[in-house]
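Step one of this worksheet: look at the structure below.
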There are 2 protein chains.
Amino acid sequence: MAKRKDVTKEQIIEIAAMMVRTRGCNGFSTRQLADEVGISSASLHHHFTTKDDLIAAVAATCRDRVNRSQGVIAAEIEGFALHLSHSSQALGDDALLIAMLAADFPTLPAKSQDEARQLIANLRGWLSRFVAQARTDGELPEDAVPDQVAGNVLAEILGSALLQRVALPGTLPVPPMTWGWQRVD
Amino acid sequence: MAKRKDVTKEQIIEIAAMMVRTRGCNGFSTRQLADEVGISSASLHHHFTTKDDLIAAVAATCRDRVNRSQGVIAAEIEGFALHLSHSSQALGDDALLIAMLAADFPTLPAKSQDEARQLIANLRGWLSRFVAQARTDGELPEDAVPDQVAGNVLAEILGSALLQRVALPGTLPVPPMTWGWQRVD
DNA sequence: GTCTATAGACCGATAGAC
DNA sequence: GTCTATCGGTCTATAGAC
């Protein structure tokens, strides 16, 4: 009967992810996170010795989530644009989390940078493979470069997540994803 | 003959903008900025009393630049997708700067938040008007919603600026902008 | 695994001399 | 307009008791 709260790493990571989304990796302190979790700063550092370890764990957990959601999405949806629209929805809060990791990337310590890079590479790679399949199916021009299209799609997903929070209160709702493809000569 | 360096606000803003792009608003200190400029922390605070004043000035300066570049772009380019591709290029480093302001937005103090909001609203508004014109010219479907398309375009510009820095060294070059439009029912 | 207490560095900002 | 010096606060991280 856990008298001593026995907070789990998973709980900490979840709240840390929330703080990365809302404040960025450099926008919150380990103390503030500890307060939010409900433990002391020292207890937090018992679970994650350094902030680097913590952010890296947040990124790694996100990567697991994203990789799992990919299978679900691929099995359910048909059609390129529609598929990508649903991909964005499936990412949910992770779109913003990934965007913040990308924004803070140059200031992240080693482990965190490695995890963030793998997370984004995984996601882009998967999008790229889907684009390649869509091209094979005739949904895209033959000369479409899958990795480029995947980059464009991922850029819009991340950028859209950021823009949502800057909107003036009481104006423009979030633009739904409506991708397409067009040659630019 | 400025013996006392007589650093101008413009010089400070320029270097501050660089630090916002590379480290984010919460990723550098006023001390580090002062060192980079080559003056003392006290001198920096003489020009900008608070960090809020500084970031707000960076955003305001960016907005001026963006607003000026809009006229240039509109006069030179024809064609929707091609135009937008050039818009992205014209923004240059400002795309990343705007993306970082959006990422840090929730943690910014009052003045900075106001300036960042105006900057993004200006840019999106201009993109929206361009989209409306392109629709009138028959380059887009009649039921395209200009503000939504503008949001999608801006999202990709900002997201693309972020993603460029996360690329693994020695891999994927930046995907060029190749927007298009397609109904999603 | 939790805590209190604290180290040592850095933070934003100010005082006051020149 | 620049500087040195410093204030009071926060930062990440650790020591050591329970």
Side-chain angles (χ1 to χ4, degrees), chain A residues 1-17 19-20 22-59 100-101 104 106-113 115, chain B residues 1-20 22-59 100-101 104 106-113 115-116:
Chain A
M1 277 303 156
K3 193 178 200 169
R4 300 175 284 161
K5 281 177 215 156
D6 283 19
V7 167
T8 65
K9 283 199 172 194
E10 285 67 31
Q11 291 176 278
I12 296 174
I13 290 173
E14 190 178 346
I15 298 179
M19 300 200 81
V20 171
T22 56
R23 307 188 53 85
C25 298
N26 299 316
F28 72 96
S29 68
T30 52
R31 269 177 155 80
Q32 290 168 339
L33 173 59
D35 286 349
E36 205 71 30
V37 173
I39 58 177
S40 70
S41 163
S43 291
L44 178 67
H45 280 86
H46 167 77
H47 293 285
F48 299 95
T49 310
T50 65
K51 196 174 179 181
D52 190 8
D53 289 332
L54 174 71
I55 303 291
V58 168
M100 295 307 289
L101 289 172
D104 293 330
T107 69
L108 295 179
K111 292 180 193 170
S112 303
Q113 235 176 40
E115 290 291 349
Chain B
M1 279 303 159
K3 193 178 200 169
R4 300 175 285 161
K5 281 178 217 157
D6 282 20
V7 167
T8 66
K9 283 198 171 193
E10 285 68 29
Q11 291 176 277
I12 296 173
I13 290 173
E14 190 178 346
I15 297 178
M18 181 265 288
M19 300 200 80
V20 171
T22 56
R23 306 186 55 82
C25 297
N26 299 316
F28 72 96
S29 68
T30 53
R31 272 177 156 82
Q32 290 168 340
L33 173 59
D35 286 348
E36 205 71 31
V37 173
I39 57 178
S40 69
S41 163
S43 291
L44 178 67
H45 279 86
H46 168 77
H47 293 287
F48 300 95
T49 309
T50 66
K51 197 175 179 182
D52 190 8
D53 289 332
L54 174 72
I55 303 291
V58 168
M100 294 308 289
L101 289 171
D104 294 330
T107 68
L108 295 180
K111 291 180 194 171
S112 303
Q113 233 175 44
E115 291 291 349

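A, B, ... follow the sequence lines: proteins, then strands. Residue 1 opens every chain. In this text, all values refer to a predicted model and were calculated from it rather than measured experimentally.
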Is there a side-chain contact between [X] and [Y] (heavy atoms, below 4.5 Å)?
X	Y	value
His45(A)	Thr30(A)	yes
Leu33(A)	Leu54(A)	yes
Val7(A)	Leu44(A)	no
Ile55(B)	Asp104(B)	no
Thr22(A)	Phe28(A)	no

Without decimals, in angstroms, what is the distance between [X] [atom1] and [N] [atom2]?
X	N	atom1	atom2	value
Phe28(A)	dC11(C)	CZ	P	18 Å
Asp35(B)	dC3(D)	CG	C1'	14 Å
Asn26(B)	dT12(D)	CG	P	12 Å
His47(B)	dC3(D)	NE2	C1'	12 Å
His46(B)	dG16(C)	NE2	P	17 Å

### Task
Please answer whether the main-chain N or O of Asn26(B) pairs with a side-chain N or O of Asn26(A) as donor and acceptor at a distance below 3.5 Å.
no
### Query
Under 3.5 Å, is there a donor-acceptor pair between the side chain of Lys51(B) and the main chain of Cys25(B)?
yes
### Query
Near DNA chain C, which residues from residues 48-59 of chain B have a heavy atom under 4.0 Å away?
Thr49(B), Thr50(B), Lys51(B)
With 3.5 Å as the limit, what N/O pairs link the protein to nucleotides 4-10 of chain D?
from   : atom 1 : to       : atom 2 : distance (Å)
dT6(D) : O4     : Arg31(B) : NH2    : 3.4

## Note on the structure
Picking from dT14(C), dT2(C), dT2(D), the nucleotide nearest the side-chain atoms of Ile39(B) would be dT2(D)
### Phosphate OP1/OP2 of dT2(C) contacted by His45(A) side-chain N/O (<4.0 Å)
no
### Message
For the CD atom on Gln32(B), are there more than 12 heavy atoms of other groups (residues, nucleotides or ligands in this structure) within a distance under 6.0 Å?
### Response
yes
